[in-house]
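Values reported hereafter were calculated over all heavy atoms of this structure, with side chains retained and with hydrogens, waters and symmetry mates removed.
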Amino acid sequence: MSIQQSDVLYTAVATAHHGRDGRVATDDGRLDVVVNPPKELGGSGAGTNPEQLFAAGYSACFQGALGVVARGRNADLTGSTVTARVGLGRNGDGFGIIVEISATLPAVDAATARDLLEQAHQVCPYSKATRGDVTVTLV
């Protein structure tokens, strides 16, 4: 179910200059980075790229969702990490992305960890936004 404008609690604003070979900055100045295509795509690789920014946002958001579901189950996330790997490739006449989410949850058993990951994937806003259009694998 999608939200309406009246449901919005926060809006992030970022502006790109010169697309994949330029600069991206947020309106509050907290993020201001040079972006360049990676060497694998023929670029200089000197700056970050949109896939790295997406991976950073997705991993942080997913770990937040993991915290929400863990609190509901009284599960301990001490020492946990979440890693997002975002791949870019050809998709028909354009490009698409594929995502792999992995997590280390040292304070819970493997079955609980898997269940928490599955539940987090259901509530994470990034997971919801990509559902149906992006292959997301939980590792």
Side-chain angles (χ1 to χ4, degrees):
M1 172 192 241
S2 60
I3 66 171
Q4 303 300 313
Q5 188 61 41
S6 60
D7 299 320
V8 173
L9 302 173
Y10 169 74
T11 299
V13 178
T15 302
H17 302 269
H18 305 292
R20 288 183 162 271
D21 207 0
R23 179 178 147 259
V24 175
T26 56
D27 63 335
D28 62 6
R30 292 184 180 179
L31 178 70
D32 190 340
V33 295
V34 171
V35 289
N36 300 114
K39 290 181 180 181
E40 295 84 349
L41 297 178
S44 70
T48 189
N49 60 66
E51 292 70 38
Q52 288 175 325
L53 295 170
F54 187 77
Y58 203 158
S59 62
C61 187
F62 196 93
Q63 190 159 29
L66 195 57
V68 168
V69 298
R71 279 190 294 282
R73 294 195 42 199
N74 203 24
D76 184 2
L77 292 185
T78 301
S80 69
T81 61
V82 172
T83 300
R85 290 174 179 78
V86 175
L88 175 70
R90 294 227 177 256
N91 181 1
D93 62 352
F95 291 87
I97 61 172
I98 188 168
V99 178
E100 180 182 286
I101 301 285
S102 61
T104 301
L105 308 175
V108 299
D109 62 80
T112 300
R114 184 68 190 176
D115 188 49
L116 290 171
L117 288 177
E118 293 288 344
Q119 287 183 34
H121 189 47
Q122 296 308 307
V123 300
C124 174
Y126 274 59
S127 292
K128 287 181 177 184
T130 59
R131 195 162 287 127
D133 290 322
V134 174
T135 300
V136 177
T137 305
L138 305 176
V139 180

- [ ] Please name all residues satisfying salt bridge (charged side-chain N to carboxylate O under 4.0 Å, His left out) with Arg131, sequence neighbours left out, ordered by chain then number.
- [x] none
Open item on the list: Tell me every residue that passes side-chain hydrogen bond (donor to acceptor under 3.5 Å, both in side chains) with Asn74, counting only those two or more places apart in sequence or in another chain.
Closed with: none
Task: Partners passing salt bridge (charged side-chain N to carboxylate O under 4.0 Å, His left out) against Asp32 (at least two apart in sequence or in another chain) - done: Arg23
Task: Worked verdict on Phe54 versus Leu88 for side chain to side chain contact (heavy atoms under 4.5 Å, CB included) - done: CA-CA 11 Å; Phe54 187 77; Leu88 175 70; over 6 Å; no
Open item on the list: To the nearest 0.5 Å, what is the distance between CG on Leu116 and CG on Leu77?
Closed with: 6.5 Å
What donor-acceptor contacts under 3.5 angstrom involve side-chain atoms of residues 59-69, with partners at least two apart or in another chain?
unit_1	atom_1	unit_2	atom_2	d
Ser59	OG	Ala55	O	3.1
Ser59	OG	Ala56	O	3.1
Gln63	NE2	Ser80	O	3.1
Gln63	NE2	Ser80	OG	2.8

- [ ] Name all residues meeting the side-chain hydrogen bond (donor to acceptor under 3.5 Å, both in side chains) criterion together with Thr26; count only those two or more places apart in sequence or in a different chain, and write none if there are none.
- [x] Asp28
- [ ] Supply the members, apart from Val8, of the Ile/Leu/Val/Met/Phe/Trp/Tyr cluster built from side-chain contacts under 4.5 Å; use none for a lone residue.
- [x] Ile3
Open item on the list: Using 0.5 Å steps for rounding, measure from the CG atom of Leu41 to the CZ atom of Arg20.
Closed with: 7.0 Å
- [ ] Check the hydrophobic clustering (I, L, V, M, F, W, Y; side-chain heavy atoms under 4.5 Å; chains of links allowed) and say if Val86 and Leu117 are grouped together.
- [x] yes
- [ ] Kindly write out the residues that satisfy salt bridge (charged side-chain N to carboxylate O under 4.0 Å, His left out) with Asp21, not counting sequence neighbours, or none if the list is empty.
- [x] none
Task: Point-to-point distance, once rounded to the nearest 0.5 Å, from CG of Leu138 to NE2 of His121 - done: 5.0 Å
Task: For Thr48, all residues meeting side-chain hydrogen bond (donor to acceptor under 3.5 Å, both in side chains), sequence neighbours excluded - done: Gln52
Task: Glu118: partners by side-chain hydrogen bond (donor to acceptor under 3.5 Å, both in side chains), with sequence neighbours left out - done: Arg114
Tell me which donor-acceptor pairs under 3.5 Å the side chains of residues 93-109 have, and how far apart each pair is, sequence neighbours excluded?
unit_1	atom_1	unit_2	atom_2	d
Ser102	OG	Arg85	NH1	3.2
Asp109	OD1	Ala111	N	3.1
Asp109	OD1	Thr112	N	2.9
Asp109	OD1	Thr112	OG1	3.2
Asp109	OD2	Thr112	OG1	2.9

Task: Partner set under side-chain contact (heavy atoms from CB on, under 4.5 Å) for Ala46, not counting sequence neighbours - done: Asn36, Ser44
TODO: For Arg90, check salt bridge (charged side-chain N to carboxylate O under 4.0 Å, His left out) against everything at least two apart and list the hits.
DONE: none
Open item on the list: Heavy-atom count check: over 12 atoms from other residues, nucleotides or ligands less than 6.0 Å from His18 NE2?
Closed with: no
